[in-house]
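Structure, as structure tokens:
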Protein chains: 2
Amino acid sequence: MIDQGMAIPRPYHHGNLRAALLQAAEKALEAGGIQQISLRELSRELGVSHTSPRRHFADKQALLDALAVSGFERFEAALSRATRRKDHSFKTRLTRLGQAYVDFALKHPLLFALMFEAKHRPDAPRELQQAADKAFGHGPATMAEGQASGEVVRGDPARLALGAFSALQGLITISTKGKFKGVDLDTLAREIIDRMITGLQPRK
Amino acid sequence: MIDQGMAIPRPYHHGNLRAALLQAAEKALEAGGIQQISLRELSRELGVSHTSPRRHFADKQALLDALAVSGFERFEAALSRATRRKDHSFKTRLTRLGQAYVDFALKHPLLFALMFEAKHRPDAPRELQQAADKAFGHGPATMAEGQASGEVVRGDPARLALGAFSALQGLITISTKGKFKGVDLDTLAREIIDRMITGLQPRK
DNA sequence: ACCTGAACACCGTTCAAGT
DNA sequence: ACCTGAACACCGTTCAAGT
């Protein structure tokens with residue numbers, strides 16, 4: 001027998017509305033673009049009044065910013081997973097880092113675009129810039145490790161990482177539908193990473 | 001004496017409404033972001049009814065797409081100007097091309113973002129992709145010239161150009177407010193171009 | 001604290017009508 | 001052809017009120 005007081009999941013409006021809104025917003029984003037996200041529509045889907053989101057987000061932009069923060073956090077987690085294994089060689093680690101970068105962008109294309117769009121807003125919250133900085137910190141960290149083991153040239157690791165990430169980021173932005181002239185972005189990224197690794201080798 | 005029938009410029013609604021809408025939309029875009037563009041507000045500014053834009057653009061997205069096309073056309077013109085002088089060396093020409101790329105992005109940041117956002121839409125019009133392709137054709141052309149004069153390694157010039165443009169495009173997307181850790185994007189771009197030129201030199 | 005409905009000032013888009 | 005006002009179905013945001 002089912003105890004009504006326990007088993008029936010009271011819909012939302014019980015503490016997880018914020019998370020539910022973010023999840024629904026991301027679904028709407030990936031389904032039809034940023035323009036598709038409507039606070040009223042999200043509220044309808046979740047069965048709450050259209051003023052409820054106000055409790056968790058000051059306005060629509062605040063929800064989009066929170067979505068961007070969530071994106072950067074998961075992006076950071078993906079990059080972290082890619083470089084977790086400390087027994088890999090530098091070459092393997094940088095390759096895995098680059099692949100994780102491109103994989104994330106291809107898996108969540110509209111979220112990825114939103115993340116950078118939000119980050120570029122003049123009045124973007126500090127939290128957003130910090131989340132982005134944390135994700136982009138994995139590049140310099142990996143470069144520094146490569147330098148420590150003598151596999152990477154000297155120089156500011158942040159600058160070296162910027163060069164590497166820029167090449168991948170640009171590829172993602174320029175290529176349409178994950179391809180450039182029929183060649184898969186994965187393949188192009190792999191080529192860029194390989195060339196990058198060669199370029200980073202210290203001259204003997 | 002002034003002939004009323006000739007000298008008084010009848011405001012808009014006389015053939016140039018389309019151009020006037022695009023201009024006003026771009027002004028609104030650079031002022032406050034894409035969300036700031038409202039067909040009704042643009043119409044108010046231009047002194048026409050709010051249904052007049054319909055004559056020139058099927059819907060709001062069509063206006064945004066046209067704005068993106070206009071952006072790619074001016075981007076192409078800027079890249080064309082940068083490589084017009086055929087007496088420059090390959091090194092100078094590629095440097096000027098890269099600088100023109102970054103200059104345009106920094107001068108029209110929101111338009112530049114809109115251009116790529118529009119290009120990535122699944123149902124983007126053919127015209128938009130063509131305008132983008134024309135702009136991005138300057139890279140391969142310059143690479144091919146470098147190969148002809150023996151200053152650039154062999155290989156598909158489109159692939160070589162993609163690598164170069166990707167690095168610049170990524171720099172633009174990753175850096176915030178035209179800077180990365182306090183260093184100007186111009187300077188970073190110059191470094192990337194120089195490294196690129198070195199990397200493209202044929203091995204003797 | 002958290003949620004509600006009503007109200008306000010906007011939208012984009014459609015349509016029948018004017019010149 | 002080009003433009004118009006009225007109407008429709010939405011928005012985001014605010015506010016006084018409920019529990």
Side-chain angles (χ1 to χ4, degrees), chain A residues 4-5 8-29 31-68 110 114 117-118 121 123-125, chain B residues 4-5 8-29 31-68 110 114 117-118 121 123-125:
Chain A
Q4 287 190 6
I8 295 175
R10 286 177 261 162
Y12 287 95
H13 30 333
H14 272 280
N16 56 350
L17 178 57
R18 195 193 129 96
L21 280 166
L22 283 174
Q23 192 180 324
E26 185 167 348
K27 202 181 116 196
L29 172 71
I34 189 173
Q35 208 75 292
Q36 207 62 29
I37 298 176
S38 142
L39 293 181
R40 290 180 100 112
E41 172 62 24
L42 296 178
S43 301
R44 246 176 265 127
E45 282 176 33
L46 299 177
V48 295
S49 85
H50 64 268
T51 52
S52 289
R54 191 69 211 282
R55 290 291 130 199
H56 303 94
F57 303 104
D59 53 23
K60 188 179 177 179
Q61 188 58 58
L63 181 144
L64 296 180
D65 284 344
L67 197 53
L110 290 169
L114 171 75
E117 197 182 313
R121 280 217 346 284
D123 54 343
Chain B
Q4 286 190 6
I8 295 175
R10 286 176 261 164
Y12 287 95
H13 31 329
H14 272 278
N16 57 350
L17 179 57
R18 194 193 130 96
L21 280 167
L22 283 174
Q23 192 181 324
E26 185 167 349
K27 202 182 115 194
L29 172 71
I34 188 171
Q35 208 74 295
Q36 206 61 29
I37 298 176
S38 144
L39 292 182
R40 291 180 99 111
E41 172 62 23
L42 296 179
S43 300
R44 246 177 266 125
E45 281 176 33
L46 299 176
V48 294
S49 86
H50 64 268
T51 51
S52 289
R54 191 69 212 282
R55 291 290 131 199
H56 303 94
F57 304 104
D59 54 21
K60 188 180 176 176
Q61 187 59 57
L63 182 144
L64 296 180
D65 285 345
L67 197 53
L110 291 169
L114 171 75
E117 197 182 313
R121 281 217 345 282
D123 53 344

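Not measured: the values here are computed from a predicted model. Each chain gets a letter, A, B and so on, in the order its sequence line appears, and its residues count up from 1.
Contact record, B:Ala118 with B:Asp65: CB-OD1, 3.9 Å, taken as the closest heavy-atom pair. When all heavy atoms are compared, the tightest approach of B:Leu67 to B:Leu22 is CD1-O, 3.6 Å. What you find for B:Ala28 and B:Gln36 is that their closest heavy atoms are O-CB, 4.0 Å.
Under the 4.5 Å side-chain criterion, counting only non-hydrogen atoms from C-beta, A:Arg40 is in contact with A:Arg44.
Following rounding to the nearest Å, A:Gln35 (CD) and D:dG12 (C1') show an atom-to-atom distance of 13 Å. Rounded to whole Å, the distance from CD1 on A:Ile37 to C1' on D:dC10 is 17 Å. Straight-line distance from the CG atom of A:Leu63 to the C1' atom of D:dT13: 15 Å, rounded to whole Å. Rounded to an integer number of Å, the gap from CG of A:Leu39 to P of D:dT13 is 6 Å. Atom P of nucleotide C:dC10 and atom CD of B:Gln36 are separated by 13 Å, given to the nearest angstrom. The nearest whole Å value for the distance from the CG atom in B:Asn16 to the C1' atom in D:dA1 is 16 Å. Distance A:Arg40 CZ to D:dA9 P: 15 Å, rounded to the nearest Å.
Contact annotation: B:Arg44 side-chain N/O to C:dC11 OP1/OP2 distance is under 4.0 Å. Note on B:Ser52: a side-chain N or O is less than 4.0 Å away from OP1 or OP2 of D:dT4.
Within 3.5 Å, no donor on the side chain of B:Ser38 pairs with an acceptor on the base of C:dG12, nor the reverse.
Proximity note for B:His50 (side chain, C-beta onward) versus C:dA6, D:dC11, C:dT13: the nearest is C:dT13.
Remark: D:dC2 base-pairs with C:dG18; criterion is Watson-Crick or G-U wobble with both hydrogen-bond distances under 3.5 Å. When both distances must be under 3.5 Å, the Watson-Crick or G-U wobble mate of D:dG12 is C:dC8.
For the atom pair B:Lys60 NZ and B:Ile37 CD1, the distance stands at 6.5 Å (nearest 0.5 Å). To the nearest 0.5 Å, atoms CG (A:Leu21) and CZ (A:Arg55) are separated by 13.0 Å.
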- Worked check of side chain to side chain contact (heavy atoms under 4.5 Å, CB included) between A:Glu117 and B:Glu117: CA-CA 10 Å; A:Glu117 197 182 313; B:Glu117 197 182 313; 3.5 Å; yes

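Near DNA chain C, meaning a heavy atom under 4.0 Å from it, residues 53-62 of chain B has B:Arg54, B:Asp59, B:Lys60 in order of number.
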